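These numbers were taken from a predicted model, which means no experiment stands behind them. Positions are given from 1, in the same order as the sequence printed here.
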Amino acid sequence: MHGDFSRRTYRPEDHYAAVVSQQGRVLLDAESNEQADLGLSADRSLAADLIGWHGGPGDGFKITYSAECEGEKASLTIAAGRYYVDGIAVDATRPEVLPAVGEHNGGTTTGANADHDGHASPESAARKPGAARKTVSAKAGEGSDVGLWTYWDQPYAYRDLERDTDELPSGPFLAYLRVHDRLVTAVQDPLLRETALGSALPDTAARLRVDWEVLPLELETNQRHDPAAAFAEWVAVQQDRTCRLAARAERPARAEDDPCLVAPDARYRGPENQLYRVEIHRGGELGEASYKWSRENGSVVLPLTAVIGEWVTLEAMGRDGKLDLDVGNFVEVCDDASVGRGEIFDLPQVVEVDLPGQRVRLSAEPDLTVGRQPGRHPYLRRWDQLERRRRGAPRMDGGAVKLAEGQWIDLEDGVQVYFAPGGQYVPGDYWTFAARTITGAVEWPADAAGRPLLGRPAGVAHHYAPLAWIDGGEALDLRRVFQQLAT
């Protein structure tokens, strides 16, 4: 989670049950967040113990298949209700569509949110979280009128009728549910901001949301006799993270040349406490993979209001020099759709800053599919890797750093990371660790000899469940349905 945290202290292996406050002590964000993690973990563990891998009451997430017909592409109807995946409660119920002023007995919409034909405008629809982007056919659910999601308009998947790669397979396939937690701040949901605090102040608490997608998976011919078992094997492969990272702080060479930093005997030489984040940018094996890093846990995010060529206009600049943009920064242009789809683009560099106009010029125009629709909450995310031209410096690849294994890699101020050999890397996988000025150390687990331990990625953790096997236009239900205790 790219939040503005001091550190993350939740460690399941310690088996803590609660955070207990003491009188006269400082309460930090880490303690409150750990209590939230403890409660969420307890609830989900209990649900998983009782329900198992996946299951739910009633028809929640029951799949109906609609074949391609009369120019309409094949689709799935996703029944409203609740389903549990690894103990995580997932809801597929559409929000109620409230009538606007001027509507009467199903009449047309009038006013600022209507177009010339009396229909809700695309701009107003895009501003509604989870609003249907395109409908398919009456067979496919017809959008919000019947309270069902379809494959094409499900809220967090951002399927696109114009993309051939988003189409459902023509042959047999398995429809499955993918679930993960996503941090939502006031950038993604402006209603979280308390306007009474004023625009100059930062937002307050963020929210944790359960995002879900129904996606297709084609199986090999020899796997189709038992699709549920084949899917379980596929999930095991997806969740087996082979990449490992370690972190440490070492006194950098020639530290005595810069006496303005902290005490010369300190190993971490940054002027402030930081929460570092190392995140995989492009995935694959050694030679393909790259990473990006941030000293602010990737939390420096600036909402966009316009993208015109290489110039992007910001809603506001950063609150101070520490949280602002400078020439040379690498940035990531994102919005709800690009994040939901897991799309990876090159990271352009800031080459010019126009403070009066609240604009920055980038080294390249952002991809044409991202950042242009205000309803998708576009923003810039700053990363802190720098392009170094000295001999032996890590190589760059599209604004990210080419990953090297089996050696300690300098980030900055004595902070180093180590990628274990033989890793398979997935975009979005990340590790976080705190660096503290008072100790000059990086908070990372070590063995009795002081050697840093190799840790698995902290996320992103995806959870999967099979929903239906689609063959010959028929949908074989693969859900596990249980009855409520009281009926």
Between [X] (side chain only) and [Y] (backbone N and O only), is there a donor and an acceptor less than 3.5 Å apart?
X: Thr64; Y: Thr77; result: no
X: Glu31; Y: Leu28; result: yes
X: Asp367; Y: Thr369; result: yes
X: Asp14; Y: Tyr16; result: no
X: Arg382; Y: Ser294; result: no
X: His180; Y: His462; result: no

Proximity of Tyr291 and Tyr425 rings by center, below 6.0 Å: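 Tyr291 vs Tyr425: aromatic centres not under 6.0 Å.
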
Test of ring centre spacing under 6.0 Å for Phe61 and Trp212: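 Between Trp212 and Phe61, which both carry aromatic rings, the centre distance is below 6.0 Å.
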
CA sep, side-chain torsions, deciding dist, call: Leu302, Val360, side-chain contact (heavy atoms from CB on, under 4.5 Å): CA-CA 11 Å; Leu302 303 172; Val360 295; over 6 Å; no

For [X] and [Y], work out which heavy atoms get closest and say how close.
X: Ala364; Y: Glu310; value: C-CG, 4.0 Å
X: Gly422; Y: Thr242; value: O-OG1, 4.2 Å
X: Pro366; Y: Val312; value: CG-CG1, 4.3 Å
X: Asp324; Y: Gly318; value: OD1-N, 3.2 Å

Derivation of the side-chain contact (heavy atoms from CB on, under 4.5 Å) call for Arg159 and Gln154: CA-CA 8 Å; Arg159 302 292 95 182; Gln154 51 186 308; 4.2 Å; yes

State plainly whether the residues [X] and [Y] are in salt-bridge range, i.e. N to O under 4.0 Å.
X: Arg94; Y: Asp153; value: yes
X: Glu365; Y: Arg372; value: yes
X: Glu343; Y: Arg163; value: yes
X: Asp384; Y: Arg277; value: no

Phe231 and Tyr464 aromatic ring geometry - parallel, tilted or perpendicular at 30°/60° bounds: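 Correct class here is perpendicular.
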
side-chain contact (heavy atoms from CB on, under 4.5 Å) between Lys402 and Met396, intermediate numbers included: CA-CA 6 Å; Lys402 290 290 288 184; Met396 305 292 288; over 6 Å; no

Candidate pair Trp469 and Leu219, rule side-chain contact (heavy atoms from CB on, under 4.5 Å), full reasoning: CA-CA 10 Å; Trp469 173 246; Leu219 300 178; 3.7 Å; yes

